[in-house]
Amino acid sequence: MNQILKTLKRSTKAGHIVAPRDMDRVEVWLKKFTAEAETGDVHKLTYHVISQSGQEIAVKANFSMVDNPLYGKLVYQTMTTA
């Protein structure tokens, strides 16, 4: 999981948009979800992100575990403002 987060932070801006005050909680939650979720599971998480202008925005995220024939288990995320 740490490798996923490192890759995410290195290859996209997604790892940098989680607000610092929520980063530890989101990382712990995502590690647990990734380790325990079964295909088809959907879980919700509310946290804050940093907008392009630097403002914190509360978001509600839905995380789904899917089974991709090429890559195996993947986590898909959709989010809306809270």
Side-chain angles (χ1 to χ4, degrees):
M1 187 62 209
N2 283 338
Q3 186 57 42
I4 292 171
L5 292 171
K6 286 178 187 175
T7 300
L8 180 69
K9 289 177 184 179
R10 184 176 52 244
S11 63
T12 71
K13 292 184 178 184
H16 297 290
I17 66 169
V18 175
R21 69 178 171 144
D22 289 340
M23 181 61 81
D24 290 340
R25 182 174 60 86
V26 170
E27 284 182 324
V28 168
W29 185 91
L30 188 55
K31 286 177 189 177
K32 183 175 181 182
F33 177 77
T34 303
E36 297 176 3
E38 297 293 330
T39 300
D41 284 355
V42 177
H43 293 261
K44 298 174 188 286
L45 179 66
T46 301
Y47 59 96
H48 295 85
V49 296
I50 305 295
S51 72
Q52 193 172 17
S53 66
Q55 293 180 312
E56 280 195 15
I57 301 169
V59 295
K60 292 179 185 176
N62 293 316
F63 291 83
S64 303
M65 182 62 74
V66 298
D67 192 19
N68 181 292
L70 186 59
Y71 298 107
K73 279 185 156 184
L74 293 175
V75 177
Y76 281 110
Q77 177 190 359
T78 58
M79 74 173 104
T80 61
T81 54

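This is a predicted model, so every value here is computed, not measured.
- Pairing each heavy atom of Thr46 with each of Ala82, the nearest pair is CG2-CB, 4.3 Å.
- Here Tyr47 and Trp29 keep their ring centres 6.0 angstrom or further from each other.
- One finds the OG1 atom of Thr80 at 12.0 Å from the CD1 atom of Ile57 (value rounded to the nearest 0.5 Å).
- Residues Ile17 and Phe63 fall within the same hydrophobic cluster, defined by Ile, Leu, Val, Met, Phe, Trp and Tyr side chains chained together at heavy-atom separations under 4.5 Å.
- Classified by interplanar angle (parallel below 30°, tilted 30° to 60°, perpendicular above 60°), the ring pair His43/Phe33 is perpendicular.
- Atom CD of Gln77 sits about 8.5 Å away from atom CG of Asn62, to the nearest 0.5 Å.
- Listed here is the closest heavy atom pair of Asp67 and Gly72: OD1-C, 3.5 Å.
- Minimum interatomic distance between Leu70 and Asn68 (heavy atoms only, all atoms of both residues): N-OD1, 2.7 Å.
- Under the 4.5 Å side-chain criterion, counting only non-hydrogen atoms from C-beta, Ser64 is not in contact with Thr78.
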### Query
Does the side chain to side chain contact (heavy atoms under 4.5 Å, CB included) test come out yes or no for Arg25 and Asp22, once each step is laid out?
CA-CA 5 Å; Arg25 182 174 60 86; Asp22 289 340; 3.5 Å; yes

### Task
Kindly indicate, with the supporting measurements, whether the criterion side chain to side chain contact (heavy atoms under 4.5 Å, CB included) is fulfilled by Glu27 and Asp24.
CA-CA 5 Å; Glu27 284 182 324; Asp24 290 340; 4.0 Å; yes

### Stepwise side chain to side chain contact (heavy atoms under 4.5 Å, CB included) test for His48 and Val18
CA-CA 6 Å; His48 295 85; Val18 175; over 6 Å; no

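- In this structure, Asp41 contributes its side chain and Glu38 its backbone to a donor-acceptor pair below 3.5 Å.
- Closest heavy-atom contact between Ala37 and Lys73: O-NZ, 2.8 Å.
- Here the side chains of Met65 and Val75 are in contact, with some heavy-atom distance below 4.5 Å.
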